[in-house]
Amino acid sequence: MIKILRRNIIRFLALVLAQVLIFNNIEIGGYMIPYIYVLFILLLPFETPGWMTLLLAFFLGFLIDVFSQSLGLHTAATVLMAFLRPGVLSFFAPREGYESGSFPRVFYYGLPWFLKYATILIFVHHLTLFYIEVFNFHDFFITFLRVILSTIFSSLLIVLSQFFIFRK
Amino acid sequence: MRSLLRFLIRYHTVLLFLILEIIAFILIANFGSYQKSRIYKFRIFMFSGIERKFDDMRIYFNLAEENKQLTQENARLRNLLPKAFYNPLAEWSADSLGERKYLYMPARVINNSTNRQYNYLIIDRGTLQGVEPEMAVICQFGIVGTVKECSANYSTVISVLNREFSPNVMIKRNGFYGPLEWPGRNYRRAIMNEIPTHADVEIGDTIVTSTISELFPPGILVGTVKDYLIEEGLFYRIDVELSTDYKKVSNVVLVKNLMHEEELMIRNSIEND
């Protein structure tokens, strides 16, 4: 328990720093911007109660907002994503349910499962984020393209991180 | 009472979710333009040290390039000195009668963004150093933006890469002017509007800040014409390649217009008529 807690705290700090110092500076062609900090929410243990996920998401989004001068933006998107996480998890649950002692990772449930689970939540997060940022529907399709391309980019980085950094 | 309690327990996640989202949207609404936030000041108080360290590191890696640019800039300025010209009337044309209009002050960028729709920079000069809102910010490559809000030692700069910002610019060769807008995609490209179709525009034309610009001194480089097309038969829509690479802006110059208030007074007197 203590080990899980410590690991999550370290992951939280590492992801916030990585996002703020590195990934906020990456942008390809004005369309692809990776937001990898959502990985923290994705990797929370299955048993995390809903209210805790929400509060953690709020805190995480708020911290990212404070660093990237966009108060409320990331907070709203991350909280929505955290709210939908239990639903998505139960939708993709294997027939016999999730084993106790396992975590939502490629290592335990395989790449196709993780890809579906992660991409949907990342898509929801990016959709909210980009549309709240623009705050109008004038450039609907261009914003949508930004959402799609950024989702692909973020998902790619997050899935890769599963193989290289968070292997187990 | 008990049913209310049961309701609260049953739907506590949904309620918490709604409360958190409402807080988030209140934050967006109140700090959407983000300058007034006290949290922002807290951030500067807490983290400007870390950001400075990180920025110091970045500056160190750019040192060679930066030196080269500064030397070039020096050389260009030396060329502008009266000494650089042979002029028998130099003694008479020396600018001692005219009043100084612009004052330049260097500053360093400590935070910058290019990947959002409304981008801002933070610089390490504030009211204590004489920075005021609406001062122009330029760098050796061209325009950067204008000062939006100042604290004691820091200021936020609204960048050209901000969809709310549209400085007035002109084609240097023939003087036609119009607003510059950033459509929010490529950080190297902006759009210039309202140039009538009888104007002669060519690819490669230089775009500079216009003489009617309220904020910028005239003639500061903005970019070059990359492409143009005629929109609705009346106006050109000119694709401008910005001369400033906003991803590597690190040293900027603040321009104080000493006659700003006087100009504002005259402008307002027209509007009040």
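Below, chains carry the letters A, B, ... as their sequence lines are ordered, and counting in each starts from 1. Not measured: the values here are computed from a predicted model.
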Full working for side-chain hydrogen bond (donor to acceptor under 3.5 Å, both in side chains) between A:Asn8 and A:Arg11 = CA-CA 5 Å; A:Asn8 273 294; A:Arg11 191 186 302 139; 2.9 Å; yes

Criterion side chain to side chain contact (heavy atoms under 4.5 Å, CB included) on B:Gln69 and B:Asn251, from CA distance to verdict = CA-CA 11 Å; B:Gln69 282 157 7; B:Asn251 288 309; over 6 Å; no

Aromatic plane relationship, [Y] with [X] - under 30° parallel, 30 to 60° tilted, over 60° perpendicular:
X	Y	result
A:Tyr131	A:Phe140	tilted
A:Tyr117	A:Phe114	perpendicular
A:Phe40	A:Phe12	perpendicular

Where on B:Phe25 is there a heavy atom nearer than 4.5 Å to chain A: the side chain, the backbone, both, or neither?
-> side chain

Side chain, backbone, both or neither: which part of B:Arg188 has a heavy atom under 4.5 Å from chain A?
-> neither

Heavy-atom side-chain contact between B:Phe216 and B:Val255 under 4.5 Å = no

Does atom CZ of A:Phe92 have more than 12 heavy-atom neighbours from other groups under 6.0 Å away?
-> yes

Count the heavy atoms belonging to other residues, nucleotides or ligands that lie under 6.0 Å from CD of A:Glu99, then report whether that count exceeds 12.
-> no

Part of A:Leu55 lying under 4.5 Å from any heavy atom of chain B | both

Part of A:Ile33 lying under 4.5 Å from any heavy atom of chain B | side chain

Chain B contacts: which residues in residues 72-89 of chain A have a non-hydrogen atom closer than 4.5 Å to it?
-> A:Gly72, A:Leu73, A:Thr75, A:Ala76, A:Val79, A:Leu80, A:Phe83

